[in-house]
Student: 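My questions will all concern the structure given below.
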Number of protein chains: 2
Amino acid sequence: MNPIKPGVAKSSARTSVLSDETYGKIKEMIVKYEISPGSRVNIDALSLQLKTSQTPIREALARLESDGLIKKEPLKGYSATNLLTLEEFHDLFQFRLLIEPWAAEQAAKRITTEGKRILNLEMKSTMKTLKQKSVDEFKSLTEHDARFHKLISQLSGSKSVESAFERTHCHLHLFRLYMAHRLHLIENNSRAKFVEGLFEQYYQNGSGQLAIIEHSAISNAIIDGDSKAARASMHSHIQSSLKRFSTSVE
Amino acid sequence: MNPIKPGVAKSSARTSVLSDETYGKIKEMIVKYEISPGSRVNIDALSLQLKTSQTPIREALARLESDGLIKKEPLKGYSATNLLTLEEFHDLFQFRLLIEPWAAEQAAKRITTEGKRILNLEMKSTMKTLKQKSVDEFKSLTEHDARFHKLISQLSGSKSVESAFERTHCHLHLFRLYMAHRLHLIENNSRAKFVEGLFEQYYQNGSGQLAIIEHSAISNAIIDGDSKAARASMHSHIQSSLKRFSTSVE
DNA sequence: CATGTTGGAATCGTATAGGATTCATCAAAG
DNA sequence: CTTTGATGAATCCTATACGATTCCAACATG
């Protein structure tokens, strides 16, 4: 006879984007190797861990599958995708080579005062951060790298290019390879050499920051409105990365 | 002690890809204008209509949102995205201009006997279909167009390019615009002119099939292994489409 | 006429039960 | 001892009911 049911969860102040939050959390778990490549993803376990029901988990996993970060096998369940093979990595960089130089070119053509400000801020704050060696240098660099390339894709003014770049999740894949290396999970020799190439992309001779130098060139060209130089410098930036990988493996 | 369970052969033969099926069905509903642009998408109604529970619907909608075909507003629900604006359309074609000529070039470089066979088959069967005027000509043409461009993206050998092209859903957007026109849903004048340009992409002077002619040039170049010609013809194919739209609007 | 309140409708998230399938273990036969 | 088949547990997938929150619109009041 009691109309009020006790024991109902109190959870209030819900912003109601729970499935979005869940998406971000699971994605972060993948990046941070809490979900290792190829391993199974258990829905029940996740719902316990994230303290949510299955529905948001399923929605998040569906989106992640669409992103190519999670694989769904019809009657077996979900699992994280494997690390990129060399071929896939090469393919990914080839794709970046198609769209990013164009994006840089467009960014130079369309650059505004506000755009210059943001671009300058990104470069300056990164250099400042790198001066104080206390933090994980590689982490700072890759995070800057992700922000930088995303920013340029946005400055291109093309939603298609921006979202296509976003969906490559290239920095996520890079970071996952980096984590695999740190955790000594890469036994294959050629793969190990490949990851060494990954480091070389960011460090030059173990001292300077190669990426920052190349990024500066791109950034300056865009701010100067020099579209040809912007395209060329972005092209050589990606090209040289790709070449470094290729030579370190082959 | 009968080990054989009776009544098992009930609903077997379940391929258990119900959420995938649902995804396809909803997508088809969007293309076919059963779900009109901008309108709300009710989960309960869909589950009734498709005779399934809410869970597969939710997963499908999450994927469709990731595809940009469905929009999710936090506490209001799902709705179909609007028709492409002129700017978005221009942007989309600009993106195709970035990746498809490259795809055609690569296809010409990598073409195999099997690839030639498939490409020839696509062209021949389409021409044959168009000879018998009984069917909806526009429908046949757009379906061929979708298959043709997808095929070339596959022949490029780049998974990144293939999936990036796939995710543009460009033919879905085209067909939706076409449907909007047929249903007299486009009142705006410039929008109407725009759709007229859409028709011109496929029909030349109301008689010949422009797309088929241009496709033949591309197809021949690929089969001949002439990568330069393949790139050039694909570029001009997309470029001229884009130009036709621009002039018909401006 | 404008504004605040209140009620219903719709949607989101939760919880739970049960059918279906896969995987691994184990027993039996050759 | 090896191979084959069956049994049971774990997991996935579906279905359904319910509570909580928010939006929308009608209504009353100053």
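So you know, we letter chains A, B, ... as the sequences are listed, proteins then strands, and number each from 1.
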Student: Would you classify B:V41 as touching base, sugar-phosphate or nothing, given that sugar-phosphate means primed atoms plus P, OP1 and OP2, and contacts are heavy atoms under 4.0 Å?
Tutor: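 No contact at all - B:V41 keeps every heavy atom at 4.0 Å or more from the nucleic acid.
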Student: Would you name the heavy atoms of A:F165 and A:T168 that are closest together and state the gap between them?
Tutor: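 Reported closest heavy-atom pair: O-OG1, 2.6 Å.
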Student: Atom CD of B:E59 and atom P of D:dC12: how far apart are they, to the nearest Å?
Tutor: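 After rounding, the reported distance stands at 12 Å.
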Student: Look at the side chain of A:S53 and decide which nucleotide, out of C:dA15, C:dA10, D:dC12, has an atom nearest to it.
Tutor: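 The nucleotide sitting nearest to the side chain is C:dA15.
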Student: Closest-nucleotide mapping onto DNA chain D: is B:R40 or A:Y78 further toward the 5' terminus? I mean the 5' end.
Tutor: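 It is A:Y78, whose closest nucleotide lies nearer the 5' terminus.
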Student: Could you tell me whether the side chain of A:T112 and the main chain of A:G115 form a donor-acceptor pair under 3.5 Å?
Tutor: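 Flag set: sc A:T112 to bb A:G115 pair under 3.5 Å.
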Student: If I take atom CG in residue A:D44 and atom P in nucleotide D:dC13, what distance separates them, rounded to the nearest angstrom?
Tutor: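 Going from CG in A:D44 over to P in D:dC13 covers 11 Å.
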Student: Using whole Å, what does the distance between atom P of nucleotide D:dC12 and atom NZ of A:K72 come to?
Tutor: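 Checked: the NZ to P distance equals 12 Å.
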Student: Compute whether any side-chain donor of one residue and acceptor of the other, for B:T126 and B:E122, lie under 3.5 angstrom apart.
Tutor: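 Side-chain D/A pair, B:T126 to B:E122: present.
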Student: At 4.0 Å (heavy atoms only), tell me whether B:S47 reaches a base, stays on the sugar-phosphate, or touches nothing.
Tutor: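 B:S47: no heavy atom of the nucleic acid under 4.0 Å.
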Student: Which one, D:dC13, C:dA15, D:dT14, comes nearest to the side chain of B:T55?
Tutor: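 Output: D:dT14.
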Student: For the pair made of CD in B:Q54 and C1' in C:dA15, what is the distance, rounded to whole Å?
Tutor: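 So the two atoms are 14 Å apart, to the nearest Å.
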Student: Ignoring the backbone of B:T52, work out which of D:dA15, C:dT14, C:dA10 is nearest its side chain.
Tutor: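 Looking only at heavy atoms from C-beta outward on B:T52, the closest nucleotide is D:dA15.
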Student: If I take atom CZ in residue B:R58 and atom P in nucleotide C:dT11, what distance separates them, rounded to the nearest angstrom?
Tutor: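 One finds 10 Å between P of C:dT11 and CZ of B:R58, rounded.
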Student: Taking only side-chain nitrogens and oxygens of B:N42, does any of them come within less than 4.0 Å of OP1 or OP2 of C:dT11?
Tutor: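 Yes, such a contact exists.
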Student: Rounded to whole Å, how long is the line connecting atom CD1 of A:I57 with atom P of C:dC12?
Tutor: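 Taking atom P of C:dC12 as the reference, CD1 of A:I57 is at 18 Å.
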Student: Distance alone, cut at 3.5 Å: any donor-acceptor contact between the side chains of A:K72 and B:S19?
Tutor: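 Result is yes, a qualifying pair exists.
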Student: Quickly work out the B:I43 CD1 to D:dC18 P distance and round it to whole Å.
Tutor: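 Whole-Å distance recorded here is 19 Å.
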Student: Between A:R117 and A:E114, is the closest basic N to carboxylate O distance under 4.0 Å?
Tutor: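 Looking at A:R117 together with A:E114, the answer is yes, because their closest N to O distance falls below 4.0 Å.
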Student: Would you mind reading off the distance between A:D20 atom CG and C:dC12 atom P, rounded to a whole angstrom?
Tutor: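 Going from A:D20 (CG) to C:dC12 (P), I get 12 Å.
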